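Residue numbers run from 1 in the order of the sequence given. Because the structure is predicted, anything quoted here is derived from the model rather than measured.
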Amino acid sequence: MAGISATDLDMIIMSTSSPDDAFGSATQVQTLIGAKGCIAFDLTAACSGFVLGTITASQFIKSGTVKNVLVIGADALSRYIDWRDRSEALNGPSRWHWLRPSGNHYGLT
């Protein structure tokens with residue numbers, strides 16, 4: 001989509017409040033897509049996770065530390081919801097975006 005292969009990634013940020021295990025999910029994604037040698041970590045921030053992940057990625061890009069970052073916002077809050085209690089909110093859509101430098105500005109592609 002963005003013309004970047006997994007091996008071009010410098011960083012993966014997985015924003016989730018419901019990782020698949022206690023050690024997070026970013027490294028699992030890294031292995032699954034074959035992004036060897038990049039930094040991969042989870043950022044726990046629930047509903048604001050994707051926004052905070054995008055801000056974190058842009059700061060790494062602006063500092064010159066990395067060029068290509070995959071930011072993933074995904075939650076499976078349905079694991080924790082009591083379906084009989086309608087007062088509980090259910091949200092947590094998944095979004096996949098590449099964030100990378102473009103000229104002298106930064107943007108989603």
Short question: side chain of Asn68, backbone of Asp10 - any donor-acceptor pair under 3.5 Å?
-> no
How many angstroms lie between atom CD1 of Ile12 and atom CD1 of Ile33, to the nearest 0.5 angstrom?
-> 4.0 Å
Ser48: what forms a side chain to side chain donor-acceptor pair (under 3.5 Å) with it, not counting sequence neighbours?
-> none
What donor-acceptor contacts under 3.5 angstrom involve side-chain atoms of residues 36-46, with partners at least two apart or in another chain?
unit_1 : atom_1 : unit_2 : atom_2 : d
Asp42  : OD1    : Ser25  : N      : 3.1
Asp42  : OD1    : Ala26  : N      : 2.8
Asp42  : OD2    : Ser25  : N      : 2.9

Under the side chain to side chain donor-acceptor pair (under 3.5 Å) test, which residues partner Gln28, sequence neighbours left out?
-> Asp21
Going by heavy atoms in the side chains, are Ile61 and Val66 under 4.5 Å from each other?
-> yes
Given Thr56 and Gln59, is the side-chain contact (heavy atoms from CB on, under 4.5 Å) satisfied, shown in steps?
-> CA-CA 5 Å; Thr56 302; Gln59 294 303 311; 5.9 Å; no
Working to the nearest 0.5 Å, report the span between CD1 of Ile72 and OG1 of Thr16.
-> 10.0 Å
Shortest non-hydrogen contact from Gly53 to Ser15?
-> CA-OG, 3.7 Å
